[in-house]
Amino acid sequence: MGTVSRGFRGRRRSSAELPPGQYLVEDFPVLSAGPTPDVDLQDWEFTITNESGEQQRRWDWNGFRALPSEPVTVDIHCVTHWSKLHTTWEGVSLDTLLDGVETSASFALAQCYGGYTTNLPLEDLTDGKAWVAFGYDGQELEAEHGGPARLLVPHLYFWKSAKWVRGIQLLDQDEPGFWESLGYHNYGDPWQEQRFWGD
Ligand SMILES: Nc1nc2c(c(=O)[nH]1)N[C@H]1C(S)=C(S)[C@@H](COP(=O)(O)O)O[C@H]1N2
Ligand SMILES: [Mo]
């Protein structure tokens, strides 16, 4: 890390900000493997289940929205090669959601309304690296982008940022999610260009 801040460099977009093989977009593409699920806030819940299958946490929408949230400005990188810089979100840190959860798990599987799943090491969700986001660009997160709430894990390819997230299952053994079982890289670091199996 150098000492020149992003603010000092201003708004110029240098290729140093783009992982290999990525190009910039100004719009916000929608990529969904299936239809946008209709999630009623009355029925919405977010749960955390531990490696023994025990439900450790459960929030309804009001309970979730009563948790402390924070603004997040991050770059996002899709495996289909588009990147979008300085996107602004509002979300609850996974550190807040996982606070006090007793677990010896090393892995997590994000589960979504509509059935999509994605896996990641638990440590990629902690220490300020991941959020459950409900706001985008100063507005409520739109349904096509994952509203009411989606996972936001910007240091990994954007398929790990599960839309319409409804829970996190903690696991002792890693378990591939939807795209991971169809040939996408298990981890998905955009800076290492980990797009597919074997990358
Ligand atoms: N539930 C769910 N989450 C998902 C997806 C999906 O199909 N279903 N697609 C993933 C992929 S491949 C990408 S690139 C991003 C796209 O998010 P966007 O539509 O907001 O751009 O969502 C990810 N999260
Ligand atoms: Mo993607």
Asker: Could you tell me whether the side chain of P148 reaches within less than 4.5 Å of the side chain of W61, counting heavy atoms only?
Answerer: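 A side-chain contact exists here, since the closest heavy-atom pair is under 4.5 Å.
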Asker: Just wondering, do Q169 and Q55 contact through their side chains at under 4.5 Å, heavy atoms?
Answerer: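 No, every pair of side-chain atoms sits at 4.5 Å or beyond.
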Asker: Can you confirm whether K163 sits close enough to S32 that some side-chain heavy atom of one is under 4.5 Å from a side-chain heavy atom of the other?
Answerer: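 The answer is yes; the side chains approach within 4.5 Å.
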Asker: In terms of ring plane angle, is the pair W159 and Y184 parallel, tilted or perpendicular, where the classes change at 30° and 60°?
Answerer: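 Aromatic pair W159/Y184 classed perpendicular.
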Asker: On the six-membered ring of F134, is R65 placed so that its NZ or CZ lies under 6.0 angstrom from the centre and within 45° of the ring axis?
Answerer: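 Judged by the rule (NZ or CZ under 6.0 Å from the ring centre, within 45° of its axis), R65 counts as positioned above F134.
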Asker: Which word best sums up how the rings of F28 and W82 line up, parallel for under 30°, tilted for 30 to 60°, or perpendicular for over 60°?
Answerer: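 Perpendicular, since the angle between the ring planes exceeds 60°.
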Asker: Look at the aromatic rings of F46 and W59 and report parallel, tilted or perpendicular, splitting at 30° and 60°.
Answerer: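 Plane angle between 30° and 60°, so tilted.
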Asker: Can you find a pair of side-chain heavy atoms, one from H185 and one from E180, that are under 4.5 Å apart?
Answerer: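 Contact flag for H185/E180 side chains = no.
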Asker: Taking the side chain as C-beta and beyond, is there a heavy-atom pair between V92 and L97 under 4.5 Å?
Answerer: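 Result yes, sub-4.5 Å side-chain heavy-atom pair found.
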Asker: Determine whether a donor-acceptor pair (N or O, by modelled atom type, separation under 3.5 Å) exists between the side chain of S93 and the backbone of D95.
Answerer: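 Checking the backbone N and O of D95 against the side chain of S93, a donor-acceptor pair under 3.5 Å is found.
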Asker: Does D189 reach the main-chain N or O of Q194 with its side chain, forming a donor-acceptor pair under 3.5 Å?
Answerer: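 Answer holds: no.
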Asker: Should the pair R58-E45 be classified as a salt bridge under the 4.0 Å nitrogen-to-oxygen rule?
Answerer: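 Between E45 and R58 there is a salt bridge, with a charged N closer than 4.0 Å to a carboxylate O.
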